[in-house]
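Below, read A as the first sequence line, B as the second, and so on, with proteins coming before strands; counting in each chain starts at 1. Since this is a predicted model, take the numbers as computed values, not measurements.
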2 protein chains.
Amino acid sequence: MEQGHARALKEAGMKATPKRLAILEALYAESGYASPEELWKRLRDRFDRLGLPTVYRNLEELAASGVITKVIHPNRQLYYFFCPNREHHHHFVCLSCRKVEDLPACGLSALEQEVSRSIGGKVLSHILQLNGLCGVCAAAAGGTP
Amino acid sequence: MEQGHARALKEAGMKATPKRLAILEALYAESGYASPEELWKRLRDRFDRLGLPTVYRNLEELAASGVITKVIHPNRQLYYFFCPNREHHHHFVCLSCRKVEDLPACGLSALEQEVSRSIGGKVLSHILQLNGLCGVCAAAAGGTP
DNA sequence: ATCCTAAAACGAAATCATTTCTATTTAGGA
DNA sequence: TCCTAAATAGAAATGATTTCGTTTTAGGAT
């Protein structure tokens, strides 16, 4: 993995610094999405010094480069997720256990084109995310009176 | 309009207080989305006293009741939009001039069902928003070297 | 291997949008 | 007209996120 992550950084045109790699690997090790502070708490013991701003900065840069994904959360805080899928796609996010799953093919390019044409403007990006409860969490919620 | 907005509030189970009505009408008068502070600045002269927290609180309540719509913005601040369309639908948002336009029918219920089934969980909500430049802003951007 | 430079990291401090809290006021049904 | 739950004030707190000036470092060039 180390190798692959270093390569991913290089491909994104980013220096493979130890901390940046560690942040990326920590996110990779998460089963769901994670917040900057959570990752920082998990990593700070492994370095003599690691600032929370460094974690924020790196996560933002990694997301901007497309190496990781930002989660849109109802509480409006920042969360990130490592998704190995390099295709353009979207996610299902479990708001209970933080699991993130890929959605099948994003069929929005047709919509984008149609909207661009009908509006006479330019669609630059789109946001699509399903929120809910994954199988495990739905079962737990349903089984709890 | 006054009448209609008061009715909309009643239907939403909310008291039609003067300030709440004024906030709703101010948002209605906006051509695009607006922030709590912008609306507050526009309204505070009309009342001897009007607190910014009151604007925040009302906008949030109105959005929760479905009377107004929240905009998802890259800068992660709160913006709201008055959309008279009561059908379930989504929006195209111009990031330059703040214009908001309705998208044609949201075709996500099929996707929700499929995802619910394949994941074995429950899709509770979805986010879909197109961001871009409206016709006017795209032309202006294109014409500016 | 050593240098050099732009990039990255530091962390304390600032920021500032948003929320909380308690007391006071008010809408609107009884 | 009363009554009560809902709404408002507004000062203060909050706390996630960013800024800033300085120091360190990765990694291509020599």
Side-chain angles (χ1 to χ4, degrees), chain A residues 2-3 5-26 33-65 67-68 70-80, chain B residues 2-3 5-26 33-65 67-68 70-80:
Chain A
E2 176 95 27
Q3 218 32 254
H5 290 156
R7 188 181 308 117
L9 291 180
K10 171 156 286 189
E11 284 168 5
M14 305 174 77
K15 285 189 182 178
T17 68
K19 288 168 184 176
R20 179 170 288 161
L21 261 174
I23 291 167
L24 185 53
E25 273 155 26
Y33 60 80
S35 73
E37 186 166 11
E38 288 160 356
L39 294 170
W40 173 65
K41 284 180 177 164
R42 206 148 297 164
L43 288 170
R44 59 181 165 179
D45 295 333
R46 281 199 242 155
F47 296 91
D48 47 341
R49 341 192 88 225
L50 174 64
L52 184 52
T54 294
V55 178
Y56 270 90
R57 191 181 338 102
N58 273 288
L59 289 171
E60 190 51 40
E61 291 162 348
L62 289 167
S65 305
V67 179
I68 64 177
K70 239 187 243 208
V71 170
I72 297 171
H73 200 278
N75 73 8
R76 303 186 331 105
Q77 289 181 207
L78 288 170
Y79 294 100
Y80 297 89
Chain B
E2 176 97 25
Q3 215 34 251
H5 290 157
R7 187 182 309 117
L9 291 180
K10 172 157 285 190
E11 284 169 5
M14 305 174 78
K15 285 189 183 178
T17 68
K19 288 169 184 176
R20 180 170 290 159
L21 261 175
I23 291 168
L24 185 53
E25 273 155 25
Y33 59 80
S35 72
E37 187 166 10
E38 288 160 356
L39 294 170
W40 174 66
K41 284 180 176 165
R42 206 147 297 164
L43 288 169
R44 59 181 165 181
D45 295 334
R46 281 199 241 155
F47 295 91
D48 47 341
R49 342 192 86 220
L50 173 64
L52 184 51
T54 294
V55 179
Y56 270 91
R57 190 180 340 102
N58 274 287
L59 288 171
E60 189 52 38
E61 291 162 347
L62 289 167
S65 305
V67 179
I68 63 177
K70 238 186 241 206
V71 170
I72 296 170
H73 200 277
N75 74 7
R76 303 189 329 108
Q77 289 181 205
L78 288 170
Y79 294 101
Y80 297 90

Distance in Å, [X] [atom1] paired with [Y] [atom2], rounded so as to fall on 0.5 Å steps:
X: Arg57(B); Y: Lys19(B); atom1: CZ; atom2: NZ; result: 9.5 Å
X: Thr54(B); Y: Phe47(B); atom1: OG1; atom2: CZ; result: 10.0 Å
X: Tyr80(B); Y: Leu39(B); atom1: OH; atom2: CG; result: 10.0 Å

Please tell me if [X] has a side-chain N or O lying less than 4.0 Å from either OP1 or OP2 of [N].
X: Asn58(A); N: dA8(C); answer: no
X: Arg76(B); N: dA17(C); answer: no
X: Asn75(A); N: dA16(D); answer: no
X: Tyr56(B); N: dT19(C); answer: no

Taking atom [atom2] of [N] as reference, at what distance in whole Å does atom [atom1] of [X] sit?
X: Gln77(B); N: dA16(D); atom1: CD; atom2: P; result: 17 Å
X: Glu61(B); N: dT19(C); atom1: CD; atom2: C1'; result: 13 Å
X: Leu43(B); N: dT8(D); atom1: CG; atom2: C1'; result: 15 Å
X: Trp40(A); N: dG15(D); atom1: CH2; atom2: P; result: 15 Å
X: Leu24(A); N: dA8(C); atom1: CG; atom2: P; result: 14 Å
X: Leu59(A); N: dA16(D); atom1: CG; atom2: P; result: 15 Å
X: Leu9(B); N: dA6(D); atom1: CG; atom2: C1'; result: 14 Å

Quick one: closest heavy-atom pair of Val67(B) and Ala8(B), and the distance?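 Between these two residues, the closest heavy atoms are CG2-O, 4.5 Å.
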Please find the pair of heavy atoms, one from Glu37(B) and one from Leu52(B), that lie closest to each other, and give the distance.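 Heavy-atom minimum between the residues: CA-CD1, 4.0 Å.
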Treating Trp40(B) as the side-chain partner and Leu50(B) as the backbone partner, does any N or O pair qualify as donor plus acceptor under 3.5 Å?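 At least one qualifying donor-acceptor pair exists.
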So, does Ser65(A) use its side chain to make a donor-acceptor pair with the main chain of Glu61(A) at under 3.5 Å?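 Looks like yes, one N/O pair under 3.5 Å.
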Axis deviation across the helix from dA1(C)-dT30(D) to dA30(C)-dT1(D), five-pair ends, to the nearest 10°: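 Answer rounded to 10°: the end axes differ by 40°.
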Would you indicate which nucleotide in dA9(C), dT18(C), dT18(D) comes nearest to any side-chain atom of Leu78(A)?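 Among dA9(C), dT18(C), dT18(D), the one nearest the side chain of Leu78(A) is dT18(D).
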Decide yes or no for [X] and [Y]: does some side-chain heavy atom of the first lie under 4.5 Å from some side-chain heavy atom of the second?
X: His73(A); Y: Arg76(A); value: no
X: Glu60(B); Y: Lys70(B); value: yes
X: Leu21(A); Y: Leu9(A); value: yes
X: Tyr79(A); Y: Ile72(A); value: no
X: Leu24(B); Y: Arg20(B); value: no

Return a single string for nucleotides 22-30 of chain C, one symbol per nucleotide in 5' to 3' order, where B is base contact, S is sugar-phosphate-only contact and - is none, cutoff 4.0 angstrom on heavy atoms. -----BSS-
Can you tabulate the close N/O pairs, meaning under 3.5 Å, that link protein atoms to atoms of nucleotides 10-12 of chain C?
from: dC10(C); atom 1: OP1; to: Lys19(A); atom 2: NZ; distance (Å): 2.1
from: dC10(C); atom 1: OP1; to: Arg49(A); atom 2: O; distance (Å): 2.5
from: dC10(C); atom 1: OP1; to: Leu50(A); atom 2: N; distance (Å): 3.4
from: dC10(C); atom 1: OP2; to: Gly51(A); atom 2: N; distance (Å): 3.2
from: dC10(C); atom 1: OP2; to: Thr54(A); atom 2: OG1; distance (Å): 2.1
from: dC10(C); atom 1: O3'; to: Arg49(A); atom 2: NH1; distance (Å): 2.8
from: dG11(C); atom 1: OP1; to: Arg49(A); atom 2: NE; distance (Å): 3.0
from: dG11(C); atom 1: OP1; to: Arg49(A); atom 2: NH1; distance (Å): 2.4
from: dG11(C); atom 1: OP1; to: Arg49(A); atom 2: NH2; distance (Å): 2.8

